[in-house]
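Heads up, the thing below is written out as structure tokens.
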Amino acid sequence: MANIQITFPDGSSQEFPQGTTALEVAKSVGPRLAAEALAAKVGDQLIDLSSKLEASGPIQFITPTSPEGLEIFRHSSAHLLAAAVTDLFPDAHPGIGPATENGFFYDFYRETPFTEEDLKKIEAKMQELVKANLPNERIYYSKDEGVKVFEQMGEFLKCELIQEKADPVFSAYQTGKFLDFCRGPHIPSTGRIKAFKLLSVAGAHWKGDERSHPMQRIYGTAFFSQKDLEAYLHQLEEAKKRDHRRLGKDLDLFSIQDDAGPGLIFWHPKGGVIRREIEDWLRAELTARGYDLVFTPHTMRLHLWETSGHTNFYRENMFGAMEVENDQYQLKPMNCPGHILIYKSRVRSYRELPMRLAELGTVYRYERSGVMHGLMRVRGFTQDDAHVFCMPEQLETEVQACVEFAFLVLKTFGFDRYQVELSARDPEHPEHYAGTVEEWNLAEGALMNTLKRMDIPFKYMPGEAVFYGPKIDIKLVDAIGRPWQLTTVQFDFNLPPRFGLEYVGSDGHLHTPVMVHRALLGSIERFFGVLIEHYAGAFPVWLAPVQVVVLPISDKHASYAQAVLEELRRAKVRVQLDDRNEKLNARIRDAQLQKVPFMLVVGDREAQNHSVAVRRRDTGDAGSRPLAEFIGWARQLIDTRAAKW
RNA sequence: GCCGGCGUAGCUCAGUCGGUAGAGCAUCGGUUUCGUAAACCGAGGGUCAGCGGUUCAAGUCCGCUCGCCGGCUCCA
């Protein structure tokens with residue numbers, strides 16, 4: 001038998017007989033590697049340890065520390081889950097079960113729902129299968145043969161998948177009695193899975209199609225060590241404490257009320273302060289960047305939305321039209337038509353371009369009942385919207401300015417977890433899009449050049465563009481790792497021709513302008529939600545609804561406390577006096593829980609030399625200093641919008 | 001919209017087998033005047049989400065509706 005040459009990551013190589021398994025190669029390196037290895041990688045292909053090596057080449061072993069290690073491990077955990085479920089519940093038909101970012105899930109079709117108790121039973125069965133240390137065996141089938149095997153087992157969902165996706169010869173994995181159509185690779189046996197937990201059961205749809213069978217999805221997570229698992233569960237608990245819905249109530253920032261309806265936000269005084277700070281900052285920046293601030297009506301004639309095309313492609317997201325004097329009016333789901341009407345109100349010259357119309361525009365969208373989520377997904381919200389009307393040759397400059405502005409937003413509010421996506425058209429289906437191929441090439445080129453020139457890493461997403469133009473999106477991540485879209489910069493090849501927009505060029509002829517939609521914060525509501533979670537409610541001084549609390553030690557110090565209060569007010573610091581009949585400790589505790597940045601304790605000593613004893617929210621007692629000095633410090637933190645101090 | 005869970009005082013929650021509702025915190029009144037994360041005493045506060053049904057009797061069992069939570073789907 002011929003020998004093959006296997007090269008290791010350190011560059012050394014060794015000969016093995018053809019057909020040697022990856023595991024045997026690992027053993028030749030050392031027993032420790034053989035014990036730790038989960039799978040192997042040949043070239044860029046992942047294989048099982050039981051796979052036979054047929055050709056010379058490099059090999060790499062996947063261990064718990066490899067980037068792919070956890071994913072393979074969790075995928076095998078999903079199989080373990082399915083093995084346990086099919087064993088306990090013969091009427092449960094497995095669908096699909098992949099690894100996810102934080103764990104894994106498996107979807108089952110079953111008439112009766114799984115209960116919490118069922119999850120416990122399943123977990124116990126999984127433990128049992130771990131103890132049995134069942135091998136994950138790979139079996140090859142021809143397509144016809146495979147379909148027959150799964151048909152005999154009554155696994156109609158698997159048959160469907162095989163018919164749709166399987167190669168003429170495909171692999172399946174056997175774990176105990178459970179057989180799954182699966183590409184692999186898998187860890188050698190179930191005995192390796194020690195730290196796992198089933199987390200929840202939720203509804204899903206077969207193949208993600210809403211009209212298809214309802215499925216039951218069991219979520220779980222698995223780690224290489226019990227310690228890692230516990231750390232993850234602890235992190236979930238911590239994240240819950242940052243949930244903006246929890247903090248919104250505890251800090252009295254906003255509410256959503258049954259009497260008013262779901263998805264409609266009430267901004268309480270404290271939330272209102274933060275919103276005003278955000279908006280004031282934004283308006284100043286918009287003005288400095290050559291935007292014009294406008295206001296447009298909240299309801300307009302329905303025919304306007306027919307012209308824009310919304311009644312065709314956006315109807316299911318619009319509130320119903322209302323009748324006024326035999327005419328139909330529509331609550332606005334977007335601001336674009338309003339801005340377009342301002343543009344159209346008179347003849348425009350190329351000298352006026354680019355024209356940047358900005359509005360904090362409140363829109364209403366009908367969201368289906370199951371999708372609302374705190375401030376993140378609502379039915380009424382305010383966008384920091386703007387539309388830039390310009391000539392094609394101005395596009396790139398305008399896009400760059402938008403992206404730079406977006407990054408200033410991220411920096412100002414201290415966001416560091418985000419991802420940038422460029423959504424382009426699907427080149428296979430040019431007929432799905434408005435505008436010509438030339439226009440699209442120009443627009444996609446402008447977007448991509450901008451990102452590349454600015455050295456911003458991004459995900460290129462062909463086929464993800466909306467029909468009217470390509471876009472750049474920036475998504476931020478919430479407390480439990482869910483991404484939320486905020487910033488969007490989008491081209492629009494659709495609306496300018498639909499509304500017959502034009503400008504007089506330097507050549508004296510009429511031309512159609514190009515239009516860019518952009519929102520940086522996205523919606524003020526969603527932005528606020530992400531912001532609350534980002535700071536866990538402990539806002540930097542410039543945003544904190546109450547920046548300073550004055551705490552007189554006893555009634556004797558009331559008049560000095562009052563003087564301190566007034567001096568801070570004159571310096572335009574948001575300050576409150578807490579002179580309730582409570583012990584100092586209790587009042588400090590309340591201020592801490594309200595996450596007030598500074599507490600000023602005043603007693604005899606402070607009254608005597610016009611000073612304050614400063615307590616910081618984060619590090620506690622910071623000693624006494626003259627009142628004037630503290631005010632200077634506070635003002636500086638506010639004026640510079642300091643994130644840390 | 002779909003699947004599952006949940007809804008008791010302002011908040012967090014208890015309430016057994018169906019027998020007419022309770023705690024802590026918060027609020028209000030009083031006492032206490034205090035130096036860096038919860039003083040003490042007392043009082044008020046409920047359409048048990050809503051509507052309907054079963055029953056001698058429903059917070060508890062059944063149905064419908066509304067809302068919330070976790071997902072799915074959707075998301076210009």
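Convention: sequence-line order gives letters A, B, ...; per-chain numbering from 1. A quick note: this is a predicted structure, and the numbers were derived from the prediction, not measured.
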query = In whole Å, what separates the C1' atom of B:A21 from that of B:A57?
reply = 16 Å
ask   = With rounding to whole Å, what would you report as the distance between B:G18 and B:A38 at their P atoms?
value = 44 Å
ask   = For residues A:Glu533 and A:His244, is any side-chain donor paired with an opposing acceptor at under 3.5 Å?
value = yes
key: Pair of N/O donor and acceptor under 3.5 Å linking B:C34 base with A:Arg587 side chain   = no
message = I need the minimum non-hydrogen distance between A:Ala222 and A:Arg74, along with the two atoms involved.
response = O-NE, 2.9 Å
task = Please figure out whether A:Gln216 or A:Arg580 has its closest RNA chain B nucleotide nearer the 5' end.
result = A:Gln216
query = Roughly, in whole Å, what's the span from CZ in A:Arg368 to P in B:C74?
reply = 9 Å
ask   = OP1, OP2 of B:C68 versus side-chain N and O of A:His373: anything below 4.0 Å?
value = no
ask   = A:Leu119 CG to B:G70 C1': how many Å, rounded?
value = 12 Å
task = Report the residue from A:Trp440, A:Tyr468, A:Phe467 that forms a ring-ring contact (aromatic ring centres under 6.0 Å, His included) with A:Phe493.
result = A:Trp440
message = Measuring from the side chain of A:Ile553 (C-beta onward, heavy atoms only), which nucleotide among B:U73, B:C34, B:G70 has the closest atom?
response = B:C34
ask   = Given atom NZ of A:Lys556 and atom P of B:G35, what is their separation to the nearest angstrom?
value = 10 Å
query = Within the structure shown, what part of the strands sits under 4.0 Å from A:Pro113 by heavy-atom distance: base, sugar-phosphate, or nothing?
reply = sugar-phosphate
inquiry  = Can you give me the closest heavy-atom contact between A:Trp206 and A:Gly95, atom names plus distance?
reply    = CZ3-CA, 3.5 Å
Pairing residues for A:Asp473 by the side chain to side chain donor-acceptor pair (under 3.5 Å) criterion, not counting sequence neighbours = A:Lys471, A:Gln485, A:Thr488
task = Using the criterion of both pairing distances under 3.5 Å for Watson-Crick and G-U wobble pairs, give all stems of 3 or more consecutive pairs involving RNA chain B.
result = B:1-7 with B:66-72, B:10-13 with B:22-25, B:27-31 with B:39-43, B:49-53 with B:61-65
message = Once you measure the plane-to-plane angle for A:Tyr109 and A:Phe156, does it fall in the parallel (<30°), tilted (30-60°) or perpendicular (>60°) bin?
response = perpendicular
remark   = Heavy-atom closest pair (A:Pro513 atom, A:Pro496 atom, distance to 0.1 Å) is O-CB, 3.6 Å
remark   = What one should report as the nearest heavy-atom pair of A:Gln562 and A:Leu577 is OE1-CD2, 3.6 Å
query = Is A:Arg587 reaching over with its side chain to a backbone N or O of A:Pro552, donor-acceptor style, under 3.5 angstrom?
reply = yes
query = Has A:Arg246 got a side-chain N or O lying under 4.0 Å from the OP1 or OP2 atom of B:U12?
reply = yes
N or O in side chain of A:Tyr219 less than 4.0 angstrom from B:C3 OP1/OP2 = no
request  = Please measure how far the P atom in B:A39 lies from the corresponding atom in B:C34, and state the result in whole Å.
outcome  = 15 Å
request  = Sugar-phosphate means primed atoms, P, OP1 and OP2; the rest is base. With that split, encode nucleotides 36-41 of chain B 5' to 3' as B, S or - using protein heavy atoms under 4.0 Å.
outcome  = BBBB--
task = Decide yes or no on ring-ring contact (aromatic ring centres under 6.0 Å, His included) for A:Tyr343 and A:Phe499, but give the supporting numbers first.
result = CA-CA 10 Å; A:Tyr343 181 94; A:Phe499 278 93; over 10 Å; no
5' priority, RNA chain B, between A:Pro333 and A:Phe114 [closest heavy atom] = A:Phe114
query = Using a cut-off of less than 4.0 Å, is there contact between a side-chain N or O of A:Arg245 and OP1 or OP2 of B:G70?
reply = yes
ask   = Taking A:Gln330 for the side chain and A:Phe319 for the main chain, is one N or O donor matched with an acceptor at less than 3.5 Å?
value = yes
query = Taking the same atom, C1', in B:C25 and in B:U20, what whole-Å distance lies between them?
reply = 27 Å
message = Can you measure A:Asp118 atom CG to B:G4 atom C1' for me and round it to whole angstrom units?
response = 12 Å
note = Between NZ of A:Lys249 and C1' of B:A26 the distance, given in whole Å, is 14 Å
query = Do you know which two heavy atoms are closest between A:Ala78 and A:Tyr106, and how far apart they sit?
reply = O-CD1, 3.3 Å
inquiry  = Should the side chain of A:Arg377 and the base of B:C75 be counted as holding a donor-acceptor pair, with the cut-off at 3.5 Å?
reply    = yes
query = Roughly how far apart, to the nearest Å, are B:A23 and B:A43 at atom P?
reply = 11 Å
query = When rounded to the nearest Å, what value does the distance between P atoms of B:C61 and B:A26 take?
reply = 33 Å
What donor-acceptor contacts under 3.5 angstrom involve side-chain atoms of residues 253-266 of chain A, with partners at least two apart or in another chain?
from, atom 1, to, atom 2, distance (Å)
A:Ser255, OG, A:Gln257, NE2, 3.2
A:Ser255, OG, A:His268, NE2, 2.7

ask   = For A:Gly469, which contact category applies under a 4.0 Å heavy-atom criterion: base, sugar-phosphate, or nothing?
value = nothing
ask   = Just checking A:His517: base, sugar-phosphate only, or nothing, at a heavy-atom cut-off of under 4.0 Å?
value = nothing
message = I'd like the P distance from B:C2 over to B:G19, given in whole Å.
response = 35 Å
inquiry  = Say we look at B:C74 and B:G5: how far apart would their C1' atoms be, to the nearest angstrom?
reply    = 22 Å
task = Sugar-phosphate means primed atoms, P, OP1 and OP2; the rest is base. With that split, encode nucleotides 61-67 of chain B 5' to 3' as B, S or - using protein heavy atoms under 4.0 Å.
result = ------S
inquiry  = Using the side-chain contact (heavy atoms from CB on, under 4.5 Å) criterion, which residues pair with A:Asp384? Sequence neighbours excluded.
reply    = A:Leu282, A:Leu360, A:Arg518, A:Ala519, A:Leu520, A:Leu521
